[in-house]
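Taking it in order: structure first as structure tokens, then the write-up.
For the single chain, residues carry numbers from 1 onward in sequence order. Nothing here was measured: the structure is a model prediction, and the numbers come from that model.
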Amino acid sequence: MFNLQIDRSYADDWSTLREFLVKRSAVRSLEGALRSYSGQLSDLQSRLSSPDSGGSVSFDGLRSDFSKVKSKVDSFLGVGSISEPAVVFGRSTSYSCGSVSVAPGTKTEVIPSLAHEYCHHVQMDYLSLERISPVLCEGHAIGVELYVARRFSDETGNEAFLFSPLSRQVSRLKTSYIWVCANLGIRPDKSLVSRPSSRDSFELGFLRNLARPSSHAVGAAFFTLIPDGSRDSAYRGFLTGSLYF
């Protein structure tokens with residue numbers, strides 16, 4: 001069993017995360033996850049030659065969409081009485097000091113981004129973010145982003161909500177997989193690492209330049225390795241300072 005319980009906060013302990021990821025059992029799990037997400041993305045691309053983007057989001061639409069996103073995130077994480085952050089359009093997508101900023105875009109792009117950044121706002125309410133590992137924060141938010149994208153896809157019948165989250169997930173898992181294999185002296189499966197996705201340039205470039213994956217990539221890998229039966233409870237448990245699996 002893996003346990004990260006550190007006085008209701010998670011220290012930025014890179015060595016602990018590296019120990020968890022750099023092992024042969026993680027390679028098998030990452031291969032399975034990467035194969036699954038790559039297959040989902042490929043199937044989506046083949047089915048939707050002209051995806052429905054949902055149109056551009058206006059400022060009024062942003063507030064309305066955020067309300068729906070907040071409800072789904074709060075329910076998934078089992079939280080209540082979370083203060084509403086300021087929600088604005090900005091040059092980039094980010095969270096800072098109680099403000100969620102998303103880049104202008106279509107509904108299918110904006111909604112997953114809102115879920116991700118609002119998750120950081122929830123983390124701020126529950127955890128000491130000045131001490132917490134950014135890897136774990138990002139991995140947690142990525143899982144929430146994927147969950148909300150799937151909910152909107154199911155409820156609207158528009159699978160285009162999954163395009164950006166799946167593409168980002170493939171790039172991040174691919175980069176972490178390559179890094180783990182390199183550390184273990186294992187040759188990565190060429191069929192897995194050759195599948196393209198939209199964030200490859202950034203994630204693989206980060207790995208080449210810094211000799212390690214981005215926080216988003218490692219976080220995505222970490223939370224992907226949580227067993228299916230423990231995943232939902234792990235996302236909730238993370239906020240109470242007790243992540244077991």
Show me the donor-acceptor pairs, under 3.5 Å and distance only, between side chains in residues 182-189 and residues at least two apart or in other chains.
| residue | atom | partner | partner atom | Å |
| --- | --- | --- | --- | --- |
| Asn183 | OD1 | Arg18 | NH2 | 2.3 |
| Asn183 | ND2 | Trp179 | O | 2.8 |
| Asp189 | OD1 | Ser191 | N | 2.9 |
| Asp189 | OD1 | Ser191 | OG | 2.6 |

[X] to [Y] - nearest heavy-atom pair and separation:
{"X": "Ala220", "Y": "Gln169", "answer": "CB-OE1, 3.5 Å"}
{"X": "Arg150", "Y": "Leu166", "answer": "NH2-CD2, 3.8 Å"}
{"X": "His120", "Y": "Ala141", "answer": "CE1-CB, 3.7 Å"}
{"X": "Leu77", "Y": "Cys119", "answer": "CD1-SG, 4.4 Å"}
{"X": "Ala33", "Y": "Thr224", "answer": "CB-CG2, 3.1 Å"}
{"X": "Leu127", "Y": "Leu239", "answer": "CD2-O, 3.8 Å"}

Practice problem: Would you please name every residue forming a side-chain contact (heavy atoms from CB on, under 4.5 Å) with Arg28, sequence neighbours left out? | Solution: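 So Arg28 forms a side-chain contact (heavy atoms from CB on, under 4.5 Å) with Arg24, Ser25.
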[X] side chain to [Y] side chain, donor-acceptor N/O pair below 3.5 angstrom:
{"X": "Ser94", "Y": "Glu117", "answer": "no"}
{"X": "His216", "Y": "Glu203", "answer": "no"}
{"X": "Arg231", "Y": "Tyr235", "answer": "no"}
{"X": "Ser36", "Y": "Gln40", "answer": "yes"}
{"X": "Ser197", "Y": "Ser171", "answer": "yes"}

Quiz prompt | Expected output: side-chain Thr108 to main-chain Phe161 donor-acceptor under 3.5 Å | solution =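 Not confirmed, Thr108 side chain does not pair with Phe161 backbone.
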Quiz item: For Ala217, does its backbone N or O pair with a side-chain atom of Ser176 as donor and acceptor, under 3.5 Å?
Solution: yes
Exercise. Salt-bridge test for Arg151 and Glu155: reply yes if a basic N is under 4.0 Å from a carboxylate O, no otherwise.
Key: yes
Practice problem: Indicate yes or no: does Arg236 engage Asp232 in a salt bridge with an N to O separation below 4.0 Å. | Solution: no
Does [X] reach the side chain of [Y], with side-chain heavy atoms less than 4.5 Å apart?
{"X": "Val170", "Y": "Arg199", "answer": "no"}
{"X": "Leu114", "Y": "Val110", "answer": "yes"}
{"X": "Asp200", "Y": "Thr175", "answer": "no"}

Quiz item: NZ/Lys174 to CG/Leu34 distance, rounded to the nearest 0.5 angstrom?
Solution: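 Between Lys174 NZ and Leu34 CG, I get 7.0 Å after rounding to 0.5 Å.
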Would you list the atom pairs, donor with acceptor, under 3.5 Å between side chains in residues 81-90 and any protein atom, with sequence neighbours excluded?
| residue | atom | partner | partner atom | Å |
| --- | --- | --- | --- | --- |
| Ser83 | OG | His121 | NE2 | 3.4 |
| Glu84 | OE1 | Arg63 | NH2 | 3.0 |

